[in-house]
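What you see below is based on every heavy atom in this structure, not just the backbone, and it leaves out hydrogens, waters and symmetry mates.
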Amino acid sequence: AARFRVTLIRQGATPEEASRRAREAALAVSQKVTKKMFDMSTEEFADTGTRNRMIGQSIGEELDLAGMGDVLKGMDPNQREQFLAQSADRFYGASNRAIKGSMYRSFGNLQNVHRLTNKSTMDETDRQQMQARFTAEMQEAMSPLGHGTMLQRAVDALQHVRPDDPNAQF
């Protein structure tokens, strides 16, 4: 928000107007950019350049959708790219600082939070839980097989034999 505020002031906004618009912009885009960040793959997020480019792109898109894109339109393409890259880097740094004082502090940093809570990790967790449930159900269903003494199995076989069964030999 601070960089956005400074940019607004450079473009002629009063400090009060710049502060108000920067707060509005931060509120408008932060949740959506965070959601898009967690949709990134672990590989994309681990690469600093890719992460900053994708987060910067999300910030630009969300500013446009929130009606704040005019600030970016006043920049040449290089300035815009630099602004979004620096904003993405600050977003990442601010998120890491916020984690240290949150219920996620035991995770250590945003990389670990992302690694453990992104969509692909959650999908894999669901898949493994479903596989474990299936395996447990199969083992439970098959558990009576092979149990008991030889005498118990013989008595069980005799109790269930049919008189017309050609395999029943005495």
Check your understanding: For the atom pair OG (S120) and CD (E43), what is the distance rounded to the nearest 0.5 Å?
Key -> 7.0 Å
**Study point:** R5 and P15, any side-chain heavy atoms less than 4.5 Å apart
**Key:** yes
Point to revise | NZ/NE/NH1/NH2 to OD/OE distance under 4.0 Å, R21 and E24 | key: no
Check your understanding: Counting heavy atoms not belonging to R20, are there more than 12 under 6.0 Å from its CZ?
Key -> yes
Check your understanding: Closest approach of R51 and F45, non-hydrogen atoms and distance?
Key -> NH1-O, 3.1 Å
Practice item. Rounded to the nearest 0.5 Å, what's the gap from CD on E81 to CE on M75? Could you check? Key: 12.5 Å
Review point. Should E17 and L8 count as side-chain neighbours, where that means a heavy-atom distance under 4.5 Å?
Key: no
Point to revise | F38 and V113: CA distance, side-chain angles, deciding distance, side chain to side chain contact (heavy atoms under 4.5 Å, CB included) verdict | key: CA-CA 9 Å; F38 279 102; V113 172; 3.9 Å; yes
Check your understanding: Are side-chain heavy atoms of K35 and D39 found at a separation under 4.5 Å?
Key -> yes
Practice item. Please list all pairs passing the side chain to side chain donor-acceptor pair (under 3.5 Å) test where one or both residues lie in residues 96-108, with sequence neighbours left out. Key: none
Review point. Pairs in or reaching into residues 125-135: which pass side chain to side chain donor-acceptor pair (under 3.5 Å), with residues at least two apart or in two chains?
Key: E124-R127, E124-Q128, R127-Q131
Check your understanding: Does M40 reach the side chain of H114, with side-chain heavy atoms less than 4.5 Å apart?
Key -> yes
Point to revise | Value rounded to 0.5 Å, distance of CD in Q86 from CD1 in I59 | key: 11.5 Å
Practice item. Taking the side chain as every heavy atom from C-beta outward, state whether M37 and F91 have any pair of such atoms under 4.5 Å apart. Key: yes
Revision key, fill the gap. Closest non-hydrogen contact found for L63 with A25 is CD2-CB, 3.8 Å
Check your understanding: With T34, which residues qualify under side-chain hydrogen bond (donor to acceptor under 3.5 Å, both in side chains), at least two apart?
Key -> none
**Study point:** Heavy-atom closest contact (T121 atom, L116 atom, distance)
**Key:** CG2-O, 3.7 Å
Review point. At what distance, to the nearest 0.5 angstrom, does CD1 of I55 lie from CZ of R53?
Key: 11.0 Å
Review point. Is the shortest heavy-atom distance from the side chain of T48 to the side chain of Y92 under 4.5 Å?
Key: no
Point to revise | Derivation of the salt bridge (Lys or Arg N to Asp or Glu O under 4.0 Å) call for K119 and D123 | key: CA-CA 6 Å; K119 183 176 175 10; D123 289 347; 3.1 Å; yes
Practice item. Before giving the answer on side chain to side chain contact (heavy atoms under 4.5 Å, CB included), spell out for L84 and L72 the whole-Å C-alpha distance, their side-chain angles and the decisive distance to 0.1 Å. Key: CA-CA 9 Å; L84 292 174; L72 301 178; 4.2 Å; yes
**Study point:** Exam field: side chain E44 to backbone T50, donor-acceptor pair closer than 3.5 Å
**Key:** no
Revision key, fill the gap. In terms of heavy-atom contacts, L110 and S95 come closest through CD2-CB, 3.6 Å
**Study point:** Over all atoms of both residues, closest heavy-atom pair of A18 and I9
**Key:** CB-CG1, 3.5 Å
Practice item. Could you tell me which non-hydrogen atom of F107 sits nearest to which non-hydrogen atom of N112, and how far apart they are? Key: O-ND2, 2.7 Å
Exercise for review: Scan side-chain atoms only and decide if S41 and N118 contain a donor-acceptor pair under the 3.5 Å cut-off.
Suggested key: no
**Study point:** Test item: E137 side-chain N/O and F134 main-chain N/O as donor-acceptor pair under 3.5 Å
**Key:** no
Exercise for review: Taking the side chain as every heavy atom from C-beta outward, state whether K32 and K36 have any pair of such atoms under 4.5 Å apart.
Suggested key: no
Review point. Do V29 and M68 come close enough that some side-chain heavy atom pair is under 4.5 Å?
Key: no
